[in-house]
2 protein chains.
Amino acid sequence: MSTTTARDRLVGAAQDLFATQGVGATSPRAVLAASGVGQGSLYHHFPTKHDLAVAAVGATVDDALAQAMRSLGTDAPAIERLVAYLERPRDALAGCKVGRHTSDQAVMDDEGLRDVLDAYFVRLLGVLTAIFRETGLPADVARDRAHAALAIIQGGYVLARATQDPGALTAAVRGFVGLLTTQEKNT
Amino acid sequence: MSTTTARDRLVGAAQDLFATQGVGATSPRAVLAASGVGQGSLYHHFPTKHDLAVAAVGATVDDALAQAMRSLGTDAPAIERLVAYLERPRDALAGCKVGRHTSDQAVMDDEGLRDVLDAYFVRLLGVLTAIFRETGLPADVARDRAHAALAIIQGGYVLARATQDPGALTAAVRGFVGLLTTQEKNT
DNA sequence: GTCTATAACTTGATAGAC
DNA sequence: GTCTATCAAGTTATAGAC
């Protein structure tokens with residue numbers, strides 16, 4: 001019974017458009033056109049663009065967290081989980097569906113949307129820090145490495161888009177994983 | 001004779017607004033208001049928004065490259081130059097004035113602007129790769145580490161903005177520098 | 001719940017006086 | 001070179017019929 005409701009189609013279309021164009025650059029009209037519903041339906045389910053954005057970005061964050069946990073939440077050794085997460089295939093040229101919103105004024109001017117982004121990164125940083133701690137690192141060092149690991153991914157996306165080369169993300173990951181694993185051997 | 005011309009004031013105002021709001025979210029009218037010149041002057045010097053954006057983003061890239069070279073172009077040992085660059089004080093919550101444009105549709109849809117971004121990162125990656133090579137690394141490893149170093153900065157900005165915490169950037173840098181320098185000791 | 005029509009405003013750009 | 005006035009198109013949102 002996967003009868004796609006108007007609401008679901010609106011959220012799905014908004015997720016796609018926000019991921020490719022950003023929230024500020026996507027008009028409610030574009031979401032309407034992509035979803036195939038009428039103008040009144042949009043404003044019935046989501047009285048303002050803010051409401052639509054919270055629903056769509058929230059759904060995207062939930063998807064992204066679930067996907068991250070597929071690498072991080074296994075029962076493999078800590079280092080292997082970290083490397084699996086870092087090396088997971090990503091659509092580098094598309095950019096991070098979540099991280100890209102940090103430079104979108106329409107998102108950063110909206111407290112509700114900022115909170116959604118904050119929750120995503122705080123959550124991921126918590127999980128990564130815990131895994132680095134499993135490797136025997138003290139809390140502050142584990143936290144710094146978690147930040148570094150996440151920055152590699154987010155920054156790798158930026159480099160890939162700027163140079164129009166997906167290899168820039170994988171190069172950044174290789175550079176970081178190389179340091180991580182050599183470090184491991186020597187400790 | 002630093003008589004500020006209308007053109008200079010337009011470019012300066014555009015640089016500020018593009019850095020804080022992005023190109024797509026900044027209207028020519030906003031640039032007019034901030035610069036204090038009249039509407040006709042803008043369209044006299046810059047017939048289209050594209051022309052203004054190329055001038056302003058180009059100027060910002062030149063500034064950023066010059067600033068990077070103040071850390072990277074000294075005669076200090078290679079590792080010290082790299083650490084100096086990574087640890088340079090940055091306005092983390094403001095985001096990278098260059099990197100943020102990779103998620104701005106108005107920029108990425110414009111070939112001229114994409115080229116400006118590309119040139120900035122290709123240039124920085126080249127300089128960083130050369131410095132990593134000075135430390136005795138083979139070319140491919142040096143290139144990967146250069147990508148990682150730049151990704152740490154760009155990703156650190158993203159984390160800092162998402163969590164509204166400037167400490168996220170410095171934590172990412174600490175995590176990476178920690179790995180780099182421990183690595184150094186063991187090699 | 002869904003639709004069409006349209007309001008009120010902003011956008012990027014042009015016209016033409018000075 | 002610089003100005004004000006204005007345009008056509010697009011933006012977010014509302015009105016009111018079905």
Working to the nearest 0.5 angstrom, can you tell me the gap between B/L137 CG and B/I131 CD1? 12.5 Å
Rounded distance (Å) that lies between atom P of D/dT11 and atom CG of A/L52: 15 Å
Is the shortest heavy-atom distance from the side chain of B/L113 to the side chain of B/H101 under 4.5 Å? no
Tell me, please, the opening and closing nucleotides of DNA chain C, 5' to 3', among those with an atom under 4.0 angstrom from a non-hydrogen atom of chain B. C/dT11 to C/dT14
Please assess A/D110 against A/V23 for the test side chain to side chain contact (heavy atoms under 4.5 Å, CB included), listing each intermediate value before the final yes or no. CA-CA 11 Å; A/D110 183 316; A/V23 175; over 6 Å; no
For atom CD of B/Q105 and atom C1' of D/dT11, their distance in whole Å: 16 Å
B/A19 backbone acceptor or donor facing B/R100 side chain under 3.5 Å: yes
Quiz: residues 157-167 of chain A side-chain donor-acceptor pairs under 3.5 angstrom, not counting sequence neighbours:
residue	atom	partner	partner atom	Å
A/R161	NE	B/T102	O	2.7
A/R161	NH1	A/L93	O	3.0
A/R161	NH1	A/A94	O	3.3
A/R161	NH2	B/T102	O	2.8
A/T163	OG1	A/L159	O	2.8
A/Q164	NE2	A/R161	O	3.0
A/D165	OD1	A/G167	N	2.8

Within the structure provided, determine whether B/T60 and B/V116 are in side-chain contact (heavy-atom separation under 4.5 Å). no
Using a 4.5 Å cut-off on heavy atoms from C-beta on, say whether the side chain of B/R174 contacts that of A/D140. no
Tell me whether the side-chain N/O atoms of A/S27 come closer than 4.0 Å to OP1 or OP2 in D/dG10. no
Any cation-pi pair here, B/R90 with B/Y85, using under 6.0 Å and within 45°? yes
Give the residues of residues 28-46 of chain A touching DNA chain C, defined as any heavy atom closer than 4.0 Å, sorted by residue number. A/V37, A/G38, A/Q39, A/G40, A/S41, A/H44, A/H45
